[in-house]
Amino acid sequence: MSQTADTALPDPSRWKALAFIALAQLMVVLDATIVNIALPSAQTDLGISDGNKQWVITAYALAFGGLLLFGGRISDLWGRKRTFVVGLIGFALASALGGAAQNEAMMFGSRALQGVFGALLAPAALSLLAVMFTDAKERAKAFGIYGAIAGGGGAVGLILGGFLTEYLNWRWTFFVNIPFAVVAAAGAYFVIREPSGARNRAPLDIPGVVLSTLGLVALVYGFTRAESAGWSDALTVSMFIAAAVLLVAFVVVESRVKSPLLPLRVLTERNRGGVYLSLGLAIIAMFGLFLFLTYYLQVVKGYSPVKTGFAFMPMIVGMITGSTQIGTRLMTRVPPRLLMGPGFLVAAVGMLLLTQLDLNTSYAAVILPGMLLLGLGMGTAFMPAMSLATHGIEPRDAGVASAMVNTSQQVGGAIGTALLNTIAASATTAYVADHAARATDPELLQLQAMVSGFAAAIWWAVGILVAAAAIAIALINTGRPGAGPGGADGASGADAEEEFRIPVVAH
């Protein structure tokens, strides 16, 4: 952010602008959860195979995560307001295409387009908040409202998705984005006035964009291909090799270009590196579970879409409670690792309960407490993780450091969905092969095999969460905010508290 932007008088319409920025955020968060509820119905209507169903989630997550850093740089060049409005219009058009999808190719394409325009929209929205709210207290309140919508919007999406799927049809889970986007874009166009002199006109790192995007696509496609063709399949192995080569080349390019897409200094500081790595692992575990539980509740337990949406409420309540009542209250009193490590372990205990799934599992006795613990642990860990992402960061890197959190979440989600779905499918196939000779009811055997596959994959998710906890405790060594010179961060009390409480996003 330039000096001109910092010293300018606050925009008198900034609170109106926040309303439209928050509306856009609500739309994106709704879309992330609403599609999970609609997925079984859409899969049946469009004839999407079990092996390909995760691409409805993965296509969006990969496009969004892979292009997020690029989207931030585009907003620097074009201007945040223009990028925000273009992102909203594009997201609305992609949603219309998804709602009108006639086959799996149209569905996957629309989801990838949603991800592309979401990658323009998200960093532009956060950057607008940062440049419009220059007073520390106002900025805290603005980010607080924005964050509350991110947490509460997930619950709204699950319930709204259930109602739309059950009482209209799954297509409305896409069409509902259009009025949100139109209102937010019109409001942003007339209300938002971006401060002058806030652009960063450094040249685009085109090789970095190409290498990072292709590398991530190859990585996730490798995981997805392994499900249908096996881990030793020539194309599967080729994808993993290509991913490794492309991502190593990306690191080499970023270390040499004048204006890198991702300055390596952002990743090499141990606390930030610990946050990105542990958060990405935790998201891998969590995203796969969303997919499994949706199918378990609807296909095995026979829940309606609306009932499925309400069944996820304990997880959302746990997340909001962990974030606002535990994470926020303890964040200035204990070192971040003592919130993140135990938080991920509590989530692992919740996940451990869910490994007990079978055809007759009680929702109240197993699923409810499992989801509550999972949400509570994740919420407690996420709050300090988000704030720690800008630990000791230089102002010129604050935006890319914050964008990296979103990137690690989105890419973790894409890999998690593909990897855990692959493990579940392999375990399902093995179960059928072992029990087919003794089975008397083929339909019952398929259901038992599906649940066995889910349980096997959830065991892996438990291990991934334990690894996330270990990484957080081992790598994150900064002291509690406000610890002064004795803390590992060495910041003064007031400065450290401000740094940890407000994630600065300033592309």
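Predicted, not measured: the structure shown is a model, and the values here were computed from it.
Sorted by first then second residue, the salt bridge (charged side-chain N to carboxylate O under 4.0 Å, His left out) pairs that include residues 237-247, not counting sequence neighbours, number zero. Among pairs with a residue in residues 236-249, those fulfilling side chain to side chain donor-acceptor pair (under 3.5 Å) read Asp233-Thr236, at least two apart in sequence or across chains. Counting only residues at least two apart or on different chains, no salt bridge (charged side-chain N to carboxylate O under 4.0 Å, His left out) pair has a member in residues 204-218.
For Thr380, the side-chain contact (heavy atoms from CB on, under 4.5 Å) partners two or more places apart in sequence, or in a different chain, are Ile326, Leu339. Taking the side-chain hydrogen bond (donor to acceptor under 3.5 Å, both in side chains) definition, one finds that Ser41 meets it with nothing, sequence neighbours left out. By the ring pair (Phe, Tyr, Trp, His ring centres under 6.0 Å) test, Tyr167 pairs with Phe163, sequence neighbours left out. Gln43 is linked by a side-chain contact (heavy atoms from CB on, under 4.5 Å) to Ile48, Asp50, Lys53, Tyr295, counting only residues two or more places apart in sequence or in another chain. Residues passing the side-chain contact (heavy atoms from CB on, under 4.5 Å) test with Val35, sequence neighbours excluded: Asp31, Val56, Ile57, Arg111, Phe174. A search for side-chain contact (heavy atoms from CB on, under 4.5 Å) contacts involving Met378 returns Ala282, Met286, Met319, Phe344, Ala347, Leu374, Phe382, Leu465, not counting sequence neighbours. Listed by chain and residue number, nothing satisfies the ring pair (Phe, Tyr, Trp, His ring centres under 6.0 Å) test with Phe117 (two or more places apart in sequence, or in another chain). Listed by chain and residue number, nothing satisfies the side-chain hydrogen bond (donor to acceptor under 3.5 Å, both in side chains) test with Asn169 (two or more places apart in sequence, or in another chain).
We find the CE-CG distance between Met315 and Leu293 to be 6.0 Å, quoted to the nearest 0.5 Å. For the atom pair Met27 CE and Gln25 CD, the distance stands at 9.5 Å (nearest 0.5 Å). Here the straight-line distance linking atom CG of Leu289 with atom CD1 of Ile284 works out to 14.0 Å at 0.5 Å rounding. The distance from the CD1 atom of Ile464 to the CD1 atom of Ile283 is 12.0 Å, given to the nearest 0.5 Å. Expressed to the nearest 0.5 Å, how far CG of Leu219 lies from CG of Leu214 amounts to 12.5 Å. Rounding to the nearest 0.5 Å places CG of Leu88 at 10.5 Å from CG of Asn177.
Across Met107 and Gly98, no two heavy atoms sit closer than the pair CE-O, 4.0 Å. Of all the heavy atoms in Phe84 and Ala124, the pair that sits closest is N-CB, 3.9 Å. Taking all atoms of both residues into account, the shortest heavy-atom contact from Gly71 to Leu120 is CA-CD2, 4.2 Å. When all heavy atoms of Pro263 and Pro260 are compared, the closest pair comes out as CA-CG, 3.9 Å. When all heavy atoms are compared, the tightest approach of Ala112 to Ala63 is O-CB, 3.4 Å. The two atoms that bring Leu113 and Ala94 nearest to each other are CB-CB, 3.7 Å, heavy atoms only.
Residues Asn271 and Thr478 form a side-chain contact, since some pair of their non-hydrogen atoms from C-beta on lies under 4.5 Å apart. Residues Trp15 and Leu18 are in side-chain contact: their nearest non-hydrogen atoms beyond the backbone lie under 4.5 Å apart. Side-chain contact between Gln102 and Asp45: absent, with no pair of heavy atoms (C-beta onward) separated by less than 4.5 Å. In this structure, the side chains of Ile21 and Ile192 come closer than 4.5 Å at one or more pairs of heavy atoms. For the pair Leu168 and Phe175, the minimum side-chain heavy-atom distance is 4.5 Å or more. In this structure, Phe312 and Thr294 have side chains that are in contact, with non-hydrogen atoms separated by less than 4.5 Å. Residues Leu267 and Arg272 have side chains not in contact (no heavy-atom distance under 4.5 Å, counting atoms from C-beta outward). Side-chain contact between Arg270 and Asn477: present, with at least one pair of heavy atoms (C-beta onward) separated by less than 4.5 Å.
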Only distances under 3.5 Å count here; give the side-chain donor-acceptor pairs of residues 247-258 to other protein atoms, sequence neighbours excluded, each with its distance to 0.1 Å.
from, atom 1, to, atom 2, distance (Å)
Glu254, OE1, Leu261, N, 2.8
Glu254, OE1, Leu262, N, 2.7
Ser255, OG, Val252, O, 2.6

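Between the Arg337 side chain and the Ile471 main chain, no donor and acceptor come within less than 3.5 Å of each other.
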**Message:** As a quick check of understanding, evaluate side-chain contact (heavy atoms from CB on, under 4.5 Å) for Ser49 and Asn52, giving each step before the final call.
**Reply:** CA-CA 5 Å; Ser49 68; Asn52 284 337; 3.4 Å; yes
Could you go through Leu97 and Gln114, starting from their C-alpha distance and side-chain angles, then the distance that decides it, and tell me whether this counts as side-chain contact (heavy atoms from CB on, under 4.5 Å)? CA-CA 10 Å; Leu97 183 65; Gln114 281 185 315; over 6 Å; no
